[in-house]
Amino acid sequence: MPGTGSRSSYQQFNDEDDDDDKISGPLSQDSFDDADEETVPEESNGNVGQENDMGGNSPPRRFSKTCVKNVFTVLLIFIYLVLTAVAIFLAYQTISDFLDKLSQPVMSVSYKEVDSFSPPGIALFPDDAQLLSCKHHYHDNIPPLVDPGTPQERDCEITEVTYFGPFTEHKQKRAVVVRGPSDVKNKELIFVQFSQNETREDFSAISYMLFAKFSDLIESANKSAFMSDCERNYSMWTFSGGFRTWVKMSLVKTSGRRSEAVEFRQESGVVKFNDKRPESEQTVQLFFVVFEWRDPYIQEIRLIVTANPWSSIGILCVVFMALFKAANFAKLTIKWIIKMRKRHLKHKARELNPIN
């Protein structure tokens, strides 16, 4: 009968369950967890097949997620290693640039306009030549020469100094120092004449030197030592006989790290002297020289160190912060990898352990 068949089937199913319980015994906690994660109570044959299909597909899906996470982690570590290398290179480059700029200052050139200059000192070394005249003129207005070769009136402030040169200690030198022009606005100039008897030399010239202030010589306690120091620090020029040499001066101030130097630059032009004296008087050679300021500008040169320590320190702080963050991230990443590895091994061990 149908009722009897149903009753016998149910009893047979219960007997099989009891046999399974007796064989398997009580489940462990790990087995229970695995059962919760991977198995579902069987209700029908169709449901069991569906769950088996899902259980078969889930491990590859978990494996793919783990693989993607590991690849992403390795990629992040590689990116941070590249950024760390860039940060180290940037720190090295910043320190190198700072040291280069510190050892190689940049020159800054500026021009300062003035109405007048401090009267410079014009030191002339005539040797055997004789000073004939020294006069101030304005606006480039030099009158025609009257009786060239004869002494004439002087309106310049002149000082003669004898000293031993710094490079020729055993030779005494005589310097005629003239107070230079100062009024650059009205083009003040000084016109100086010398004469020299015929000599045995093939060429004849008179040397001269320019120094910053004529007042420094006047106020100096030891004029010989002062002139020796000037010759050591300033350049020497010459002008030839039989010509008028026009010297246009410009002042250059150079400010270094510890001291300040003053030097002169000049532009000179030469004009031939038309000697109209009798032939008997032409044996005496004449020298003419004009000193004038070129323009009312003082050229100032300053040595500037472009290396800014504060900006370099700021860049280095940013770099070191980046290195610290990179190291911190690397530490956290390694901890996370170790944790994920332990979790993976734990799940793998659960899957391999038999059900007790």
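The first residue of the sequence shown is numbered 1, and numbering continues consecutively from there.
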Between [X] and [Y], is any pair of side-chain heavy atoms under 4.5 Å apart?
X: Asp128; Y: Asn197; result: no
X: Phe194; Y: Leu132; result: no
X: Leu189; Y: Ile142; result: yes
X: Val290; Y: Thr245; result: no
X: Met249; Y: Arg294; result: no
X: Cys134; Y: Ile158; result: yes
X: Leu131; Y: Val192; result: yes
X: Phe264; Y: Pro120; result: yes

Salt-bridged, [X] to [Y], with N to O below 4.0 Å?
X: Arg277; Y: Asp275; result: yes
X: Glu263; Y: Lys253; result: no
X: Lys187; Y: Glu292; result: no

When you measure from the side chain of [X] to the backbone of [Y], do you find a donor-acceptor pair of N or O atoms at a distance under 3.5 Å?
X: Arg179; Y: Lys213; result: no
X: Ser195; Y: Val284; result: no
X: Gln196; Y: Gln285; result: no
X: Asp155; Y: His136; result: yes
X: Asp147; Y: Thr150; result: no
X: Trp293; Y: Pro181; result: yes
X: Ser228; Y: Gly165; result: no
X: Arg174; Y: Asp127; result: yes

(message) Can you list everything that forms a ring-ring contact (aromatic ring centres under 6.0 Å, His included) with Phe291? Sequence neighbours excluded, please.
(response) Tyr208

(message) Other residues, nucleotides and ligands only: do more than 12 of their heavy atoms fall within 6.0 Å of CZ on Phe125?
(response) yes

(message) Can you confirm whether more than 12 heavy atoms, excluding those of Lys223, are under 6.0 Å from its NZ atom?
(response) yes

(request) Run the ring-centre check on Phe226 versus Phe211 and record whether the distance is less than 6.0 Å. (result) yes

(request) Compute the ring centroids of Phe288 and Phe273, then answer whether they are less than 6.0 Å apart. (result)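 Yes, they do, as the ring centres are separated by less than 6.0 Å.
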
